[in-house]
Enquirer: 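One structure coming up, written as structure tokens, with questions to follow.
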Protein chains: 2
Amino acid sequence: MINILIADDHTMFVDGMESILKSESDLQVAGRSYDGPSVIDFLKNNKVNIVLLDVNLPGMNGIEVCKEITAHYPDVRVLAISMFNEESFVSEILNNGAKGYLLKNTGREELLKAIRTVANGDSYFSKEVTETIMKSLMNQRKASGKNTSFIPKLSRREKEVLKLIAQEFTTQEIADNLYISLKTVESHRSSLLSKLNARNSVGLVRIALENNLLD
Amino acid sequence: MINILIADDHTMFVDGMESILKSESDLQVAGRSYDGPSVIDFLKNNKVNIVLLDVNLPGMNGIEVCKEITAHYPDVRVLAISMFNEESFVSEILNNGAKGYLLKNTGREELLKAIRTVANGDSYFSKEVTETIMKSLMNQRKASGKNTSFIPKLSRREKEVLKLIAQEFTTQEIADNLYISLKTVESHRSSLLSKLNARNSVGLVRIALENNLLD
DNA sequence: ATAAAACTTCGGGTAAACCCCTAAAAATAA
DNA sequence: TTATTTTTAGGGGTTTACCCGAAGTTTTAT
């Protein structure tokens with residue numbers, strides 16, 4: 001039995017999805033959530049195999065929710081669902097642990113297939129989504145990184161400072177921008193150098209760009 | 001009727017493929033090629049809809065052949081076939097106009113489906129290939145440049161210095177490496193800042209990475 | 001061929017970055 | 001609640017980066 005949590009704020013859509021699922025003997029809708037935090041809340045108290053997660057969710061957006069789920073509930077598979085066949089959405093949520101991505105115009109059969117595929121541990125992407133990604137791939141070319149470099153978690157301030165460093169601001173300018181002391185900025189920079197194992201700001205920015213730390 | 005040219009140097013494989021195709025009434029094997037140049041030669045004198053092209057072809061490799069085909073025979077669709085589910089192969093040949101990519105362990109049904117899909121003007125990628133590309137996409141993200149930023153020509157020395165700056169070397173280390181004075185290196189750095197319109201080395205490296213100046 | 005432009009090479013001086021240290025208030029996690 | 005991390009900030013010093021200027025060499029263009 002596959003337990004499914006539907007996380008979407010559009011009632012009609014959830015209803016439709018549920019009506020498709022309830023006719024399947026191996027699938028069971030364990031619950032519904034209409035915003036991000038309640039998804040996390042639901043997972044605390046219920047056994048769920050699959051979360052059908054709307055990428056654009058109110059309160060806490062789908063990407064954040066997905067990140068949270070994969071971090072704390074690694075057994076729970078996320079199948080992202082969205083209105084938009086947008087490359088940025090797709091890669092963003094895939095990078096945060098989603099196992100599949102469907103568009104909302106997906107038909108009954110494909111939805112069921114996707115759920116069972118993902119429940120089985122595989123990945124699933126609809127044809128249109130695949131094509132979107134292929135197209136963007138074709139315009140991209142050389143894939144930068146393949147490295148398995150471990151990137152320690154950066155704090156909020158560190159990320160802010162890093163972004164400003166990458167924008168060629170001086171320490172003083174960063175301090176003014178963030179309304180903190182020059183010394184504080186230097187302290188953050190120092191932490192960044194240590195965490196990212198860089199010798200100087202150039203290394204900081206190179207690593208940041210290679211690992212997309214500037215989003 | 002879909003006319004197909006099979007371009008592969010492995011006879012047994014071509015035989016197998018042909019036996020699959022000849023039982024289909026809408027498909028017809030127009031010819032076989034065992035190397036790159038003969039593919040181009042065949043297209044000169046024969047009407048072909050689809051080329052089943054081995055990526056690793058003797059004489060003139062598949063990527064070159066594919067480029068040639070899309071340049072001179074835009075109506076001919078290329079369906080790439082390879083032993084290897086290698087991201088570099090896939091993206092390389094897709095960048096050169098191939099409409100699909102199959103692995104050689106592909107079954108009969110999938111082969112037929114791929115041929116008809118590509119003949120119909122769509123793209124086709126096998127599941128495994130899709131996953132490979134997804135994986136690499138996840139490690140990649142936003143590809144380099146789409147910007148129209150004009151990059152002035154850099155001199156030999158400037159490029160050398162730039163590369164070393166990007167590798168986090170200090171000015172003194174760069175000087176030692178190139179057997180020139182510290183002051184000379186700083187002069188080159190200064191030229192770089194001016195040419196690339198950067199405020200500091202961080203900007204230099206960001207611009208270099210965004211524009212692939214480090215090859 | 002000759003002038004103009006660009007490249008490579010340095011010196012001196014200043015601003016910025018980087019380092020080592022300490023340390024307390026504030027926010028988070030266990 | 002307690003422990004850990006984050007954010008804040010300072011003193012004091014060394015190293016590096018950046019700016020201005022300049023001269024000899026090479027390349028490019030007329």
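Keep in mind the model is a prediction, meaning the values are calculated, not measured. We name chains A, B, ... by the order of the sequence lines, and we start the count at 1 in each one.
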Enquirer: Closest approach to the side chain of A:Thr184, judged atom by atom: which nucleotide of C:dA16, D:dA9, D:dC18 is it?
Expert: D:dA9

Enquirer: CD of B:Glu173 versus P of D:dT16: gap in Å, rounded?
Expert: 8 Å

Enquirer: Among the nucleotides D:dA17, C:dA17, D:dC18, which one has an atom lying closest to any side-chain atom of A:Thr170?
Expert: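 Side chain of A:Thr170 sits closest to C:dA17.
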
Enquirer: Select base, sugar-phosphate, or nothing to describe what A:Leu193 touches, counting heavy atoms under 4.0 Å on all strands.
Expert: sugar-phosphate

Enquirer: Would you kindly give the CD-to-P distance between A:Glu186 and D:dT6, to the nearest whole Å?
Expert: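 Between P of D:dT6 and CD of A:Glu186: 20 Å.
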
Enquirer: Look at A:Arg206 together with A:Glu210 and state whether they make a salt bridge at an N to O cut-off of under 4.0 Å.
Expert: yes

Enquirer: Closer than 4.0 Å, any side-chain N/O of B:His188 to the OP1 or OP2 of C:dC7?
Expert: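 So the side chain of B:His188 is outside the cut-off, no N or O lying under 4.0 Å from OP1 or OP2 of C:dC7.
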
Enquirer: Any heavy-atom pair between the side chains of B:Leu52 and B:Asp8 that's under 4.5 Å?
Expert: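 No, too far: nothing below the 4.5 Å cut-off.
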
Enquirer: So if I take every side-chain heavy atom of B:Ser201 and compare against C:dC19, D:dC18, D:dG10, which nucleotide ends up nearest?
Expert: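 The answer is D:dC18, which lies nearest to the side chain.
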
Enquirer: Would one find a side-chain N or O of A:Ser191 under 4.0 angstrom from OP1 or OP2 of D:dT6?
Expert: no

Enquirer: Please determine, for the side chain of B:Ser181, which listed nucleotide (D:dA17, C:dG11, D:dT7) has the closest atom?
Expert: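 Selected nucleotide (nearest to the side chain): C:dG11.
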
Enquirer: Roughly how many Å is it from CG in B:Asn200 to P in D:dC19, rounded to a whole number?
Expert: 9 Å

Enquirer: As a test of understanding, state which of B:Lys195, B:Lys163, B:Arg189 forms a side-chain hydrogen bond (donor to acceptor under 3.5 Å, both in side chains) with B:Glu158.
Expert: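 Looking at B:Lys195, B:Lys163, B:Arg189, the match for B:Glu158 under the side-chain hydrogen bond (donor to acceptor under 3.5 Å, both in side chains) is B:Lys195.
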
Enquirer: Rounded to the nearest angstrom, tell me the gap between atom CZ in B:Arg157 and atom P in C:dT9.
Expert: 4 Å

Enquirer: Has the side chain of B:Ser187 got a donor or acceptor atom sitting under 3.5 Å from an opposite partner on the base of C:dC10?
Expert: yes

Enquirer: Could you work out which one of C:dG12, C:dC18, C:dT8 sits closest to the side chain of A:Arg189?
Expert: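 Nearest nucleotide to the side chain: C:dC18.
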
Enquirer: When the distance from CD1 of A:Ile180 to C1' of D:dT6 is rounded to whole Å, what number comes out?
Expert: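 It works out to 12 Å between those atoms.
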
Enquirer: Please check if the side chain of B:Lys159 supplies one atom and the backbone of B:Leu213 the other of a donor-acceptor pair under 3.5 Å.
Expert: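 Side chain of B:Lys159 to backbone of B:Leu213: no pair is present.
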
Enquirer: Specify the separation, in whole Å, of atom OH of B:Tyr179 and atom P of C:dC10.
Expert: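 Distance check: B:Tyr179 OH to C:dC10 P gives 15 Å.
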
Enquirer: Whole-Å distance between C:dC10 P and B:Lys183 NZ?
Expert: 12 Å

Enquirer: Between C1' on C:dC19 and CG on A:Leu192, what's the gap in Å once rounded to a whole number?
Expert: 15 Å

Enquirer: In sequence, state the C-alpha distance, the side-chain angles, and the governing distance for A:Ile115 and A:Leu21, and then conclude on side chain to side chain contact (heavy atoms under 4.5 Å, CB included).
Expert: CA-CA 10 Å; A:Ile115 290 174; A:Leu21 300 183; 3.5 Å; yes

